Q: 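I have a structure I would like to understand better, so I am pasting it below and will then ask my questions one at a time.
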Number of protein chains: 2
Amino acid sequence: MNIGQASKASGVSTKMIRYYDEIGLVRPSARTDANYREYDEREINELRFIRRARSLGFSMPEITQLLSLWRDRGRPSREVKAIADRHLADLDARIAEMQAMADTLRHLSHCCAGDDRPDCPILADLTQGALPSEPRPKARRAHVHGA
Amino acid sequence: MNIGQASKASGVSTKMIRYYDEIGLVRPSARTDANYREYDEREINELRFIRRARSLGFSMPEITQLLSLWRDRGRPSREVKAIADRHLADLDARIAEMQAMADTLRHLSHCCAGDDRPDCPILADLTQGALPSEPRPKARRAHVHGA
DNA sequence: CGTTGACCTTCCCGTCGTGGGAAGGTGCAG
DNA sequence: CTGCACCTTCCCACGACGGGAAGGTCAACG
């Protein structure tokens with residue numbers, strides 16, 4: 001199977017397949033005389049594995065580890081779980097962070113009239129005590145947030 | 001105020017301040033004879049504005065728009081709100097996506113024994129019907145120990 | 001057998017926001 | 001005057017991917 005067929009069979013773009021080759025993640029089992037990459041079924045499965053792992057948000061370093069565990073039929077599931085749990089904690093943290101942003105924004109948007117007038121609590125929040133031209137002392141602290 | 005003082009006053013790194021200058025977002029009001037950037041209070045406030053906007057997840061193009069609305073004292077709050085709402089929808093979509101990943105992972109992790117045995121529903125999910133080396137018919141019992 | 005068009009190869013550039021660091025000029029205090 | 005902290009510009013890197021150029025290869029069709 002050449003790279004185009006491997007791409008169709010795995011759902012991974014040829015660009016990415018070459019990239020995975022380059023970084024040593026999935027090397028083609030052979031090259032033809034014309035230097036074309038040759039992939040066998042096992043490698044197609046590895047590409048599919050990577051595709052699925054990426055769809056779950058794993059980073060390339062994590063996938064590298066997962067793939068080597070996948071190849072090792074004697075791996076302890078403990079190690080797989082550890083990677084998954086670490087990634088899960090990371091995901092949860094990022095979700096919480098974005099949720100905080102979204103909550104703040106929802107509140108600000110809710111408070112904004114959204115009409116022709118220039119007064120806008122959204123800009124007021126962004127300003128956070130600093131004004132573009134004139135001083136406004138009215139600091140309505142409705143929402144506190146982190147960095 | 002030179003760039004170092006502006007950085008301390010705004011909480012934005014000197015690298016970023018130079019970057020904002022480069023992309024035309026916040027230009028120093030003046031340069032000294034020695035070509036040092038000079039920032040005044042207004043620009044410090046703009047830098048703080050950007051910092052706060054970034055902390056809410058706005059992209060640079062969005063911030064460019066927000067900043068120009070902020071500078072325009074006659075802007076309609078409608079426009080600000082539109083930008084915020086668009087970003088909010090984007091945030092919500094990304095949160096939902098990550099939440100789906102996290103939910104899937106949580107389920108898989110929950111089903112994984114996490115011990116010395118190689119059987120792992122996490123890898124099984126990633127495999128999704130593809131096997132690393134030998135054809136495994138279907139569901140496999142937990143007591144199987146490869147030899 | 002030659003042309004054609006689809007495919008393959010490598011190599012370089014851009015993304016986006018940020019940090020690192022080199023090479024060289026400037027400001028100020030001792 | 002020296003030394004050090006600061007400033008300047010310029011280039012490189014990241015992660016994961018896409019676009020595209022320049023050139024080689026393959027297969028089908030006339």
Side-chain angles (χ1 to χ4, degrees), chain A residues 1-39 43-44 46-67 87 90-91 94 97-98 101 147, chain B residues 1-39 43 46-67 87 90-91 94 97-98 101:
Chain A
M1 260 208 219
N2 66 24
I3 201 173
Q5 295 167 318
S7 173
K8 271 168 201 138
S10 66
V12 177
S13 73
T14 59
K15 278 285 185 189
M16 281 301 98
I17 295 178
R18 289 195 191 94
Y19 176 67
Y20 297 150
D21 178 10
E22 189 190 332
I23 66 175
L25 194 52
V26 177
R27 293 244 142 89
S29 49
R31 292 268 191 158
T32 67
D33 289 348
N35 206 30
Y36 282 21
R37 288 172 181 81
E38 278 283 320
Y39 291 94
E43 286 142 2
I44 300 300
E46 295 188 351
L47 291 173
R48 279 197 273 253
F49 179 98
I50 293 170
R51 178 161 166 267
R52 171 74 177 144
R54 288 238 23 97
S55 82
L56 288 177
F58 285 101
S59 67
M60 297 312 293
E62 284 166 340
I63 290 178
T64 301
Q65 295 177 61
L66 286 173
L67 198 52
H87 176 51
D90 188 59
L91 271 179
R94 276 155 50 204
E97 204 175 323
M98 295 176 71
M101 292 179 187
Chain B
M1 260 207 220
N2 68 25
I3 201 173
Q5 296 166 319
S7 172
K8 271 168 202 136
S10 66
V12 177
S13 73
T14 60
K15 279 285 186 189
M16 281 301 98
I17 295 177
R18 289 195 191 94
Y19 175 65
Y20 297 151
D21 179 9
E22 188 189 333
I23 66 174
L25 195 51
V26 177
R27 293 244 142 91
S29 50
R31 293 269 189 156
T32 68
D33 289 349
N35 206 28
Y36 283 21
R37 289 173 180 80
E38 278 283 320
Y39 291 94
E43 286 142 5
E46 294 188 349
L47 291 172
R48 277 198 274 253
F49 179 98
I50 294 170
R51 178 160 168 268
R52 172 72 178 142
R54 286 230 35 93
S55 82
L56 287 176
F58 285 101
S59 66
M60 296 311 292
E62 286 166 337
I63 290 178
T64 301
Q65 297 176 60
L66 286 173
L67 198 52
H87 176 50
D90 188 58
L91 270 179
R94 275 155 50 204
E97 203 176 322
M98 294 177 71
M101 291 178 187

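The sequence lines fix the lettering, A, B, ..., with proteins before strands; numbering per chain opens at 1. Remember, predicted model here, so these are calculated numbers, not experimental data.
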Q: Assign each of Q5(B) and A34(A) to its nearest nucleotide of DNA chain D by heavy atoms, then name whichever residue's nucleotide is nearer the 5' end.
A: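 The residue closer to the strand's 5' end, by nearest nucleotide, is Q5(B).
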Q: Would you call V26(B) and I17(B) a side-chain contact if the rule is heavy atoms closer than 4.5 Å?
A: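 Contact flag for V26(B)/I17(B) side chains = no.
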Q: Is there a side-chain contact between R54(B) and M60(B), using heavy atoms and a 4.5 Å cut-off?
A: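 They are in contact (side-chain heavy atoms under 4.5 Å apart), so the answer is yes.
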Q: Under 4.5 Å between any side-chain heavy atoms of E38(A) and R31(A), yes or no?
A: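 Contact flag for E38(A)/R31(A) side chains = no.
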Q: OH of Y36(B) versus P of dA5(D): gap in Å, rounded?
A: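 Result: 14 Å.
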Q: Any side-chain heavy-atom pair from M98(B) and M98(A) closer than 4.5 angstrom?
A: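 With C-beta onward as the side chain, the pair touches.
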Q: For the helix from dC1(C)-dG30(D) to dG30(C)-dC1(D), what angle separates the axis at the start from the axis at the finish, each from five pairs, in steps of 10°?
A: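 Result, rounded to 10 degrees: 30°.
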Q: Once you apply a heavy-atom cut-off of 4.0 Å, does S59(B) come out as touching a base, just sugar-phosphate, or nothing?
A: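 It contacts sugar-phosphate atoms only.
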Q: Can you tell which of T14(A), N2(A), T32(A), D21(A) makes a side-chain contact (heavy atoms from CB on, under 4.5 Å) with R37(A)?
A: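 With R37(A) as partner, side-chain contact (heavy atoms from CB on, under 4.5 Å) holds for just one option, D21(A).
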Q: E43(B) versus S29(B): any side-chain heavy-atom pair under 4.5 Å?
A: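 Of all side-chain heavy-atom pairs linking S29(B) with E43(B), at least one is under 4.5 Å.
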Q: Between the side chain of S7(A) and the main-chain N/O of V12(A), is any donor-acceptor distance below 3.5 Å?
A: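 Pair found, side chain donor or acceptor close to backbone of V12(A).
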Q: For residues 18-33 of chain B, which residues have at least one heavy atom under 4.0 Å from DNA chain C?
A: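 Of all residues in residues 18-33 of chain B, the ones placing a heavy atom under 4.0 Å from DNA chain C are Y19(B), Y20(B).
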Q: Heavy atoms of chain B, cut-off under 4.0 Å: which first and last nucleotide of DNA chain C, 5' to 3', fall inside that, if you could look?
A: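 Contact span on the strand: dG17(C) to dG27(C).
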Q: Which part of the nucleic acid, if any, lies within contact of M60(A), taking any heavy atom under 4.0 Å across all strands shown: a base, the sugar-phosphate backbone alone, or nothing?
A: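 M60(A): backbone/sugar contact only, no base atoms under 4.0 Å.
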Q: Starting from C1' on dC6(D), measure out to CE on M1(B) and report it in whole angstrom.
A: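 In whole Å, dC6(D) C1' and M1(B) CE are 16 Å from each other.
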